Structure formats: structure tokens, C-alpha cells
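Written out below as C-alpha cells is the structure these notes cover.
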Amino acid sequence: MSAGRWRGTPRAVRLVVSIAVLVFAYGAVVHVVQLLMPQFGPQLALPGWLAVYFASLTLWDPLAALLLAVRRVEGLALGCVVLATDAAANWYANYVLDAAVGVTPGRIGQAVITALAVALVALTPWLAPWFARSTVQRR
């Protein structure tokens, strides 16, 4: 992250945002790999709407990372929406569509995504004051 853009921001805020940017960058890579090499994707037959949603994360994950990195409050909002919907979509895929019993790699991943979603949503009120808001000029 650019030192100038983040100058004066507490180290803890920069650390949390850096971790979030890395999480979304990692998510983007995972979803691109799964899209380009289906053998690394879910081993379940997904309904079309769910497959489209997971494919759309190839756009939403890097956009959230970029907006967070450039300190836009919209990045916080998008990040919360992406993680919450990703957790819900993974819950559906791993608990409704997957007939497996017990702990599976997909269920572990879903738990991690859920924890990340809860963490970002919980930290957003603390982070938001350090983010720039859009400057829309009214006429």
C-alpha cells in the first residue's frame, strides 16, 4: 500500500486492511484457477446460478482488493458483501448440495470464509473512519 495514501493511519488499521487485500487477492486467484482449470474447482454439480456466482468472484474479489488498497469506503462495503455472500454460497454448496457426512475440505473452507466475513463486518465500523468517501458534486 502506498505510504502517502496511508500516512497518518494507525498501524493496526493498515495491518487489517493489508490482510483483507491479501484475502481478496488470494480469493481472486483461487476463483480464476477454478474457472480455467475445473479439476481444481468444486467436485459437485453446481446449479447454474451458483456456478455463475462463483465465476463472478473473479471480478468482485480483485475489485474489493483494489478498492481497499486505495482506501475507498466502497471497498469495505463490497468486501463485506463479497465475503458474506461467498460464505452463504459455500454453505449452500457444502451443506445442501454435498451429501457427505462430517468434516470435508469444502466445509473447512466455508468455515474460514464465514469467519473472515464476520471479522470484516465486525471491524468495518472501526475501519470506516480511516477510509475516503466518494466526492459526488451536487449541482
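The structure presented is a predicted model; accordingly, all values stated were derived computationally and were not measured. Positions are given from 1 along the sequence. Values below: all heavy atoms of this structure, side chains included; hydrogens, waters and symmetry mates excluded.
Tested against Tyr26, the residues Val30, Val23, Leu22, Val29 include a single side chain to side chain contact (heavy atoms under 4.5 Å, CB included) partner, Val30.
With values rounded to the nearest 0.5 angstrom, Phe54 atom CZ is found 9.0 Å from Thr85 atom OG1. To the nearest 0.5 Å, atom CG of residue Leu63 and atom OG of residue Ser56 are 11.5 Å apart. Going from atom CG of Asp98 over to atom CG of Asn90 covers 11.5 Å, rounded to the nearest 0.5 Å. If you take CG on Asp61 and CG on Leu78, they are separated by 8.5 Å, rounding to the nearest 0.5 Å. To the nearest 0.5 Å, the span separating OH on Tyr92 from OH on Tyr53 amounts to 15.0 Å.
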Apply side-chain contact (heavy atoms from CB on, under 4.5 Å) to Trp126 and Val16, showing your working. CA-CA 11 Å; Trp126 172 69; Val16 169; 3.9 Å; yes

Worked verdict on Leu97 versus Leu50 for side-chain contact (heavy atoms from CB on, under 4.5 Å): CA-CA 11 Å; Leu97 300 179; Leu50 191 54; 3.9 Å; yes

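Of all heavy-atom pairs spanning His31 and Asp86, the tightest one is NE2-OD2, 4.0 Å. The minimum heavy-atom distance linking Leu83 with Ile113 is given by the pair O-CG2, 3.8 Å. Here the closest non-hydrogen pair linking Ala100 and Thr104 is CB-CG2, 3.8 Å. Summarising the geometry of Leu35 relative to Ala55, their closest heavy-atom pair is CD1-CB, 3.9 Å, with the distance given to 0.1 Å. For the residue pair Leu57 and Pro62, the shortest heavy atom distance occurs at O-CD, 3.7 Å. The minimum heavy-atom distance between Ala65 and Phe24, with the atom names listed, is CB-CB, 3.7 Å.
Ring-plane geometry between Phe131 and Trp6 is classed as perpendicular, the angle between the planes exceeding 60 degrees on a 0 to 90 degree scale with a lower cut at 30.
Two different hydrophobic clusters hold Val118 and Ile19 under the rule that ILVMFWY side chains link at heavy-atom gaps under 4.5 Å. Under the 4.5 Å side-chain heavy-atom criterion for ILVMFWY residues, no single connected hydrophobic cluster contains both Val81 and Val17. In the hydrophobic clustering of ILVMFWY residues, with side-chain heavy atoms under 4.5 Å counting as a link, Val82 and Leu123 come out together. Tracing side-chain contacts under 4.5 Å through hydrophobic residues (I, L, V, M, F, W, Y), one never reaches Val52 starting from Val33; they form parts of separate clusters. Both Trp91 and Leu116 are members of a single hydrophobic cluster when ILVMFWY side chains are connected at heavy-atom separations under 4.5 Å.
Judged purely by atom type and a 3.5 angstrom limit, Arg107 has no side-chain atom pairing as donor or acceptor with the backbone of Tyr95.
Using a 4.5 Å heavy-atom threshold, the side chains of Leu76 and Leu120 count as touching.
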